[in-house]
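So that we are looking at the same thing, I have put the structure below in structure tokens.
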Amino acid sequence: MRWSESFIPTLRDDPADAEAASHKLLVRAGLIRQLMSGSYSILPLGQRVCRKITGVIRTELEGIGGQEFELPCLHPADVWKRSGRWDQVGDELFRLNDRRDADVCLGMTHEEIFTVLAGELRSYKQLPQIWFQFQSKFRDEPRPKSGLLRVREFVMKDSYSFDVDEAGLDHAFKLHFDAYRKIFEKIGLDALAVEASSGAMGGKESVEFMQASDAGEDFVASCEKCGYAANLEKATSELAAVDDGPGLEAPEKFPTPGVRTIEDLAQMEGGAAADRQIKTLVYIVGKETWLVLLRGDHTLNDQKLIDATGAFDLRPANEEEIRAALGASPGSLGAVGVTNHKVVADLALEGRSAMTTGANEDGFHLRGVSVERDMEIAGWSDLREVEAGEACPMCQNPLVVRKTIEIGHIFKLGTRYTELLDAKVLDQNGKNRPIVMGSYGIGIGRAMAAVVEAHHDEAGIAWPVTVAPFEVVVTVLNPKDVETSEAGEHIHDALRDAGIDVILDDRDERPGVKFKDSELVGIPYRITVGPKGLKNKKVELYRRRDGHQEELDLHRAAEIVTEYVAEERR
RNA sequence: CGGGCCGUGGCGCAGCUUGGUAGCGCGCUUGACUGGGGGUCAAGAGGUCGCGAGUUCGAAUCUCGCCGGCCCGACCA
């Protein structure tokens, strides 16, 4: 392949609207171009990388018995209505009408459609099955950002497992877990597997694969010592016990003029330390008003509340709603004596007494409150967000919190979809039972961006050989010099014939331009062919990853570099 | 959806406050020189100044509306 004939539109400057390193570099190196917010064209160089990534994934999935499909993007509303998601997912689903005015939508994933196909399975003898595809997904994200990291249209590898029972699902899940580890390792990512919330997906267990990066938007708590790791939406920690001391017979109201915050009350003479206060938050859950209780110094994690309530439309109440519900303004709220609203409390409040909380009367608080004695708690849940430095729930070592990119997510779905969409088989006893299902995803573009986040420097991208658009570039310094350009072509042809992905930079450009471009694009090996070296029958090898250089004999260069590449392909 | 910023040749930007011939760098075309880290010289091509209305003799510039993009937050399979 000749650079002079390729469409590789590199840019000297960073695009003005890019922030994340991967965004800047993918655009500058000519791999992608934006079409509109959250929608990108993949250019030839980017497509080559994506093809390598999908190749790695395909190999591993076929290795665990996966069979490849290709399903439609355009779905009838009917199946989404039957699974309940038509009403559940809201604005994130792209909905449209066809010419007969029928409701259709663009698939945001393919549980429904695969489940419809799984309806053709009749007997447990046909199980297990693992089905997968690479297909575009559409999600009308409220805020696309960071180039390929959060988009509205993207290709995803999604796979689905179908088993007779839970044990089968556990096995399929484990197969995927191991396959994912291999995939991410092979494409050059150092993915951390973490416990995650299943979100609106349903199901009871899920694991996310996270790549540490400043460009990420998820936070993960992990323990360096025992390996515990969880998304902050799920993470827990062990807290030091708080000594409440002797309490009171009954709550006692006291004036707290001007006190609006936990901090105010902690500072006030006769107030209470933050960890001796009860924080009262008001949420609108569906059509109901709920009170959410936390220790004063703790923060609510919204996803934990969503998981605990099982609600999908939930938001903080506004000032008027709070007044209407409790008769006081934020700053003096409490749950003592509240019976007309549902009250949920964080586990850290269990058994606590002699606490201070709002009196539902502006300017007054209650002290001497015992949580169980004085409040009607409808449910206890883990609701608070873990903070860095708190003790690991497994081994008490201090937890580390890191920003990460979610590059893969695997779910144990269970029978939600198969029951609603009627995908059942007869078991060994001739009894009809819903297939037990798992679902597993990897975003291809996001994975590519994550690799860039993990492998770049000031000069540009530094692809691992396994996903590089080209493994070797042969840079001809002076293409007008016949001897130089012929030498370059010979090396190029020899590498190509040896099965190496090689590109010949035969452009009539200054050497500096070609060096900069090859480093920006991030090709792992560069063989420089120039008149100076040729006088001694030498060419120069440059390794992008660490800048290592060595001189090679002209006639052995292709052979040696082929070996280097083969080694790194693994 | 709330807050902030921004739309001017392919890319990056100036011009707008104070209305009057649309500019710079890079890139692009042609030619010459040059040839181991984005070279030099010469001659060129390329712009409905996001869109629409208004004010004005005259609008990139002022006013209003709309559209689009980025960032923070909300949200997020």
Checklist entry - Across all strands shown, which nucleotide pairs with B:C57 by Watson-Crick or G-U wobble geometry, both distances under 3.5 Å? => result B:G20

Checklist entry - Does A:R12 make a side-chain N or O approach to OP1 or OP2 of B:G27 shorter than 4.0 Å? => result yes

Item to check | Pairwise P distance for B:A42 and B:G4, with rounding to whole Å | outcome: 49 Å

Checklist entry - Once you round it to whole Å, what is the distance between C1' of B:G2 and CZ of A:R143? => result 12 Å

Checklist entry - For atom P, what is the distance between B:G50 and B:A45, given to the nearest Å? => result 24 Å

Checklist entry - Between A:S37 and B:G68, does any side-chain N or O lie under 4.0 Å from OP1 or OP2? => result no

Next on the checklist: So for A:R28 and B:G27, does any side-chain atom that can act as donor or acceptor lie under 3.5 Å from a complementary atom in the base?
Outcome noted: no

Checklist entry - Considering only the C1' atoms, how many Å lie between B:U17 and B:U29, rounded to the nearest integer? => result 39 Å

Next on the checklist: Distance criterion of 3.5 Å, no angle test: do you see the side chain of A:D508 paired donor-to-acceptor with the base of B:G35?
Outcome noted: yes

Checklist entry - Contact class for A:S39 vs. all strands (heavy atom < 4.0 Å): base, sugar-phosphate, or nothing? => result nothing

Item to check | Nearest-angstrom distance from the residue atom CG of A:D17 to P of B:C72 | outcome: 13 Å

Item to check | base_contact_polar (B:G37 base, A:E519 side chain, donor-acceptor, <3.5 Å) | outcome: yes

Checklist entry - Given the C1' atoms of B:U61 and B:U18, what is the spacing between them in whole Å? => result 10 Å

Checklist entry - When you compare B:G44 with B:G52, how far apart are their C1' atoms, in angstrom units rounded to a whole number? => result 36 Å

Checklist entry - Pick the nucleotide of RNA chain B nearest each of A:Y40 and A:P316; which residue has the one closer to the 5' end? => result A:Y40

Item to check | A:Q303 side-chain N/O to B:C75 phosphate OP1/OP2 under 4.0 Å | outcome: no

Checklist entry - Can you find a side-chain donor-acceptor pair between A:H75 and A:E112 that sits under 3.5 Å? => result no

Checklist entry - With sugar-phosphate meaning primed atoms plus P, OP1 and OP2, does A:G441 contact a base, only sugar-phosphate, or nothing at under 4.0 Å between heavy atoms? => result nothing

Checklist entry - When you check the phosphate oxygens OP1 and OP2 of B:C72, does a side-chain N or O of A:K145 lie under 4.0 Å from one of them? => result yes

Checklist entry - For atom C1', what is the distance between B:C6 and B:G12, given to the nearest Å? => result 14 Å

Next on the checklist: Determine whether a donor-acceptor pair (one donor, one acceptor, N or O, separation below 3.5 Å) exists between the side chain of A:R150 and the base of B:C76.
Outcome noted: yes

Checklist entry - Do A:E540 and B:G36 share a donor-acceptor pair, side chain to base, under 3.5 Å? => result yes

Next on the checklist: With rounding to the closest Å, how many angstrom separate the P atoms on B:A14 and B:G7?
Outcome noted: 7 Å

Checklist entry - What integer number of Å spans the C1' atoms of B:A59 and B:G54? => result 11 Å

